**Student:** 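I'd like to ask some things about the structure below.
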Amino acid sequence: MARIVAGIGSSHVPAIGAALDNGKTEEPYWKRVFSGFEKSEAWMRKTKPDVAIIVYNDHASAFSVEMIPTFALGCAAEFPPADEGWGPRPVPVIKGHPALASHIAQSVILDEFDLTICNKMEVDHGMTVPMNLLFGKVDKNAHWPCPVIPLAVNVVMYPPPTGHRCYMLGRAIRKAVESYPEDLKVVIFGTGGLSHQISGPRAGLINSKWDKNFLDNLSKNPQKLVKIPHIDYMREAGAEGIEMVMWLIMRGALNDKVDEVYRFYTVPASNTAVGHIILANRSRAARKSAAKSKRPAGKIKRAAAHANADRVRS
Ligand code: DHB
Ligand code: FE
């Protein structure tokens with residue numbers, strides 16, 4: 001059986017990709033951003049997923065105002081990096097996992113979530129930047145460490161899906177993964193955000209209080225987040241802050257209770273608050289031993305966390 005072992009939330013600011021591609025990672029401004037992902041890269045190397053599902057939004061690269069699916073699942077064998085105006089980023093073509101992706105499409109659509117199936121799709125910074133942050137810099141002629149299934153969500157044209165719909169889609173994805181017969185270790189990314197507004201009179205808006213509260217609730221109390229209406233994201237987190245609903249797909253695909261392995265938050269990168277979190281599902285063995293054990297709750301929780309992943313909270 002395939003299983004989702006962890007969820008990763010990460011901003012996908014395009015300037016982070018440009019800093020990496022243009023050799024600026026040691027400049028103090030960018031070092032502050034990249035250093036926050038060093039432990040995550042180590043965690044990912046150790047976790048060694050077989051497949052990553054990456055929930056992201058397309059920024060008028062594969063789709064345009066002419067056609068925007070609400071949820072689009074990448075079922076292709078590969079996804080080339082898109083030309084976003086400066087030529088495609090110098091990263092490897094992303095290999096997909098058509099068998100698992102088609103299985104997810106079947107399971108989720110029969111569960112009444114109407115996904116668009118994409119058998120050919122280019123992917124932009126929404127996907128490639130979080131991949132670099134978690135998998136590190138990968139030479140254009142080398143390979144990403146695992147296949148990736150892209151899930152594109154419309155957050156660029158009104159109306160985007162609600163947070164609740166996103167969370168429930170995450171639940172359906174988890175059910176789909178768990179009904180796949182092959183033994184695969186899967187991680188799921190939610191990308192975008194955190195608070196930011198790119199244009200208009202409020203350009204540059206950042207709301208750290210909102211962002212931190214979002215991360216706290218994502219970790220401990222996601223049910224609070226699923227009730228937040230679009231207008232609150234727009235008012236509090238800026239027009240592009242609505243990208244944060246994608247993190248709820250990731251959260252919905254995890255257990256109700258998760259272990260927060262790592263968190264990082266910094267302001268700014270470009271015009272954006274950068275947020276990052278790793279949430280691990282407790283392994284079945286850890287859950288079982290916690291249930292059996294008579295030890296106090298705090299100790300059980302720590303033991304479970306250790307059984308699943310190193311605690312790397314800084
Ligand atoms: C910017 C663009 C994004 O898509 C995003 O999520 C954050 C920032 C930008 O242009 O700075
Ligand atoms: Fe974006």
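Whatever order the structure lists ligands and atoms in, that order sets their numbers, starting from 1. This one's a predicted model, so the numbers in the text were calculated from it and none came from an experiment.
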**Student:** Just need the protein heavy atom nearest to atom 2 (C) of ligand 1, so name the residue and atom and give the distance.
**Tutor:**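 Sorting protein heavy atoms by distance from atom 2 (C) of ligand 1 puts Pro14 CD, 3.2 Å first.
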**Student:** Quick one: nearest non-hydrogen protein atom to atom 11 (O) of ligand 1, plus distance?
**Tutor:**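 Here the nearest protein heavy atom works out to Ser270 OG, 2.8 Å.
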**Student:** Give the numbers and elements of all ligand 1 atoms closer than 4.0 Å to a heavy atom of His196.
**Tutor:**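 It comes down to these atoms of ligand 1: 5 (C), 6 (O), 7 (C), 8 (C).
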**Student:** Verify the cluster assignment for Met121 and Ile68: are they in a single hydrophobic cluster under the rule of side-chain heavy atoms below 4.5 Å apart?
**Tutor:**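 No.
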**Student:** Around the Fe ion (ligand 2), how many protein N, O or S atoms are found at less than 2.8 Å?
**Tutor:**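 Protein heteroatoms (N, O, S) closer than 2.8 Å to the Fe ion (ligand 2) number 3.
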**Student:** Is a side-chain donor or acceptor of Ser64 paired with a backbone partner of Glu66 at a separation under 3.5 angstrom?
**Tutor:**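 Checked: pair present.
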**Student:** Any ion pair linking Glu27 and Lys31 (charged N to carboxylate O, less than 4.0 Å)?
**Tutor:**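 No salt bridge links Lys31 with Glu27.
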**Student:** When the aromatic ring centroids of Phe264 and Phe37 are compared, is their separation below 6.0 Å?
**Tutor:**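 Yes, they do, as the ring centres are separated by less than 6.0 Å.
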**Student:** For ligand 1, which part of His59 has a heavy atom less than 4.0 Å away: the side chain, the backbone, both, or neither?
**Tutor:**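 Near ligand 1, His59 shows its side chain, while the N, CA, C and O stay back.
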**Student:** Ring centroid separation for His12 and His59, is it under 6.0 angstrom?
**Tutor:**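 Between His12 and His59, the centre distance is under 6.0 Å.
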**Student:** I need the single residue from Tyr262, Phe34, Trp43, Tyr265 that forms a ring pair (Phe, Tyr, Trp, His ring centres under 6.0 Å) with His276. Which is it?
**Tutor:**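 It is Tyr262, the one option of Tyr262, Phe34, Trp43, Tyr265 that forms the ring pair (Phe, Tyr, Trp, His ring centres under 6.0 Å) with His276.
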**Student:** Report yes if some N/O of His12 lies less than 3.5 Å from some N/O of ligand 1; otherwise report no.
**Tutor:**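 Yes, His12 has an N/O under 3.5 Å of an N/O on ligand 1.
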**Student:** Considering non-hydrogen atoms of the protein only, which is the closest contact for atom 8 (C) of ligand 1, and what is the distance?
**Tutor:**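 Scanning the protein heavy atoms, the shortest distance from atom 8 (C) of ligand 1 goes to Thr272 OG1, 3.1 Å.
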**Student:** Output the list of atoms in ligand 1 that are nearer than 4.0 Å to some heavy atom of His125, sorted by atom number.
**Tutor:**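 Heavy-atom distances to His125 below 4.0 Å select 3 (C), 4 (O).
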**Student:** Which atoms of ligand 1 have any heavy atom of Glu243 under 4.0 Å away?
**Tutor:**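 It comes down to these atoms of ligand 1: 4 (O), 6 (O).
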**Student:** For the residue pair His103 and Ser179, confirm or rule out a side-chain donor-acceptor distance under 3.5 Å.
**Tutor:**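 Distance-only check passes for His103 and Ser179.
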**Student:** Do Arg171 and Asp256 sit within salt-bridge range, that is, some charged N less than 4.0 Å from a carboxylate O?
**Tutor:**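 Asp256 and Arg171: salt-bridged.
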**Student:** Do NZ/NE/NH1/NH2 and the carboxylate oxygens of Asp216 and Arg263 come within less than 4.0 Å?
**Tutor:**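 Looking at Arg263 together with Asp216, the answer is yes, because their closest N to O distance falls below 4.0 Å.
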**Student:** With no hydrogens and no angle check, do the side chains of Asn154 and Thr70 hold a donor and an acceptor under 3.5 Å apart?
**Tutor:**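 Checked: Asn154/Thr70 side chains show no N/O donor-acceptor pair below 3.5 Å.
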